[in-house]
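For reference, positions follow the sequence shown, starting with 1. Each ligand, and each atom within it, is numbered from 1 in the order the structure gives.
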Amino acid sequence: MFKDLENKVVVITGAGSGLGKAFSEEFGKLKAKVVMNYLSDKHLDDINKTIKLIEDAGGQAIKVQGDVSVEDDVNNLVQTAVKEFGTVDVMINNAGFEKPIPSHEMSVSEWQKVIDINLTGAFMGAKAAVNQFLKEDKKGVILNTSSVHDTIPWPNYVNYAASKGGLKLMMETMSMEYAQYGIRINNISPGAIVTEHTREKFSDPTTRAETLEMIPAKEIGEAHQVANVALFLASDFSDYIHGTTIYVDGGMTNYPAFMGGKG
Ligand code: BGC
């Protein structure tokens, strides 16, 4: 499956942990050339392990430190991929941040931080990738990691929900602009997925039970299930898919409160 991803240059932001790490591993296993962006040195051990795993599988990988909310860092990321591997085929704007704060207590800087990383960061990544694709006359792919909260409101996470809602129309708008050049831009919207960021909250029995109530499939998802969709959306198997969102959420966006058939 997805043989065409071999040797593709795939840039992934927020690759040091969570879904970004899983994306890196899965593309690497298919012998892609993976450019792993990370912010904090605390991820270095994990990144080096992932690079080794990718190299052992016959792929290649490099790491590039940078803050996705700083345009120079984002441009440097894309240009490093071009310098090291000659091109960019797939840009995955994955880096994200979330922290619960009631809206009336949220400072403007707390609001702004999440918008800057999750929305502006993805815009700058998409913009840099589109420029490179146009320069090379390449039918490149852009994927953004969104969330079920691009459509489901999320109390205490107003900045996060706003960033993901914005990401949806950003993706749809940019797709409409660049589909004519064969550039495909799509979002992946995960629901509750176990990663190192969520493991603790989903191990708490009450939170776990409350979360399962919201999932028709009655299972918390796993990172590789999201990564599989990234592989599909990056490959030629999806070459007529433009400007859409694939939810990977066990049915969470499907009004699970109605499961009992009442109302
Ligand atoms: C968040 C998770 C959350 C899930 C479902 C995701 O976007 O990153 O923390 O569990 O949405 O609410």
Side-chain angles (χ1 to χ4, degrees), residues 12-24 37-40 43 46 68-69 92-103 106 110-111 113-123 125 143-172 186-230 233 244-259:
I12 302 173
T13 68
S17 63
L19 294 176
K21 192 171 111 189
F23 293 166
S24 306
N37 154 264
Y38 67 102
L39 177 62
S40 154
H43 296 307
D46 273 348
V68 296
S69 65
I92 306 187
N93 298 304
N94 167 76
F97 181 74
E98 68 189 60
K99 183 178 164 204
I101 307 169
S103 296
M106 188 179 289
E110 286 162 334
W111 161 271
K113 177 181 174 176
V114 171
I115 299 293
D116 284 350
I117 297 171
N118 297 9
L119 180 57
T120 312
F123 168 67
L143 301 177
N144 304 302
T145 302
S146 186
S147 162
V148 290
H149 300 296
D150 60 12
T151 173
I152 305 176
W154 201 14
N156 300 325
Y157 291 85
V158 66
N159 47 3
Y160 186 85
S163 73
K164 298 299 186 178
L167 191 54
K168 183 163 188 286
L169 272 166
M170 182 199 95
M171 174 277 291
E172 290 168 1
N186 292 292
N187 281 6
I188 301 174
S189 288
I193 308 293
V194 203
T195 65
E196 53 268 59
H197 303 295
T198 54
R199 186 160 286 121
E200 205 180 309
K201 91 172 168 183
F202 293 139
S203 327
D204 172 69
T206 313
T207 311
R208 191 180 176 79
E210 281 169 5
T211 305
L212 289 175
E213 281 284 299
M214 300 186 291
I215 306 174
K218 298 292 168 210
E219 275 170 33
I220 309 269
E222 303 208 358
H224 74 267
Q225 295 172 309
V226 184
N228 286 343
V229 177
L233 284 176
T244 202
T245 297
I246 298 191
Y247 291 89
V248 188
D249 67 349
M252 192 184 242
T253 38
N254 227 0
Y255 296 97
F258 280 83
M259 267 179 93

Residue pairs involving residues 192-220 (criterion salt bridge (Lys or Arg N to Asp or Glu O under 4.0 Å); sequence neighbours excluded):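 Pairs touching residues 192-220 that pass the test: Lys21-Glu196.
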Indicate yes or no: at least one non-hydrogen side-chain atom of [X] is less than 4.5 angstrom from one of [Y].
| X | Y | answer |
| --- | --- | --- |
| Leu119 | Met170 | yes |
| Val68 | Asn93 | no |
| Ile193 | Thr198 | no |

Option set Lys164, His149, Glu98, criterion heavy-atom distance to atom 8 (O) of ligand 1, minimum: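 Looking at heavy atoms only, Glu98 sits closest to atom 8 (O) of ligand 1.
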Only heavy atoms of [X], strictly under 4.0 Å: list the atoms of ligand 1 that pass.
| X | answer |
| --- | --- |
| Ser147 | 6 (C), 7 (O), 11 (O) |
| Phe202 | 10 (O) |
| Gly191 | 4 (C), 5 (C), 6 (C), 11 (O) |

Min heavy-atom dist Lys201 to ligand 1 below 4.0 Å: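 So Lys201 counts as touching ligand 1.
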Tyr157 contact mode with ligand 1 (heavy-atom cut-off under 4.0 Å):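 Under 4.0 Å from ligand 1, Tyr157 contributes no heavy atoms.
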His149 and Trp154 aromatic ring geometry - parallel, tilted or perpendicular at 30°/60° bounds: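 The arrangement is parallel - the two ring planes meet at less than 30°.
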N or O contact, Tyr160 vs ligand 1, cut-off under 3.5 Å: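 Between Tyr160 and ligand 1, an N or O pair is found under 3.5 Å apart.
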Residue pairs involving residues 191-225 (criterion ring-ring contact (aromatic ring centres under 6.0 Å, His included); sequence neighbours excluded):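 Pairs touching residues 191-225 that pass the test: none.
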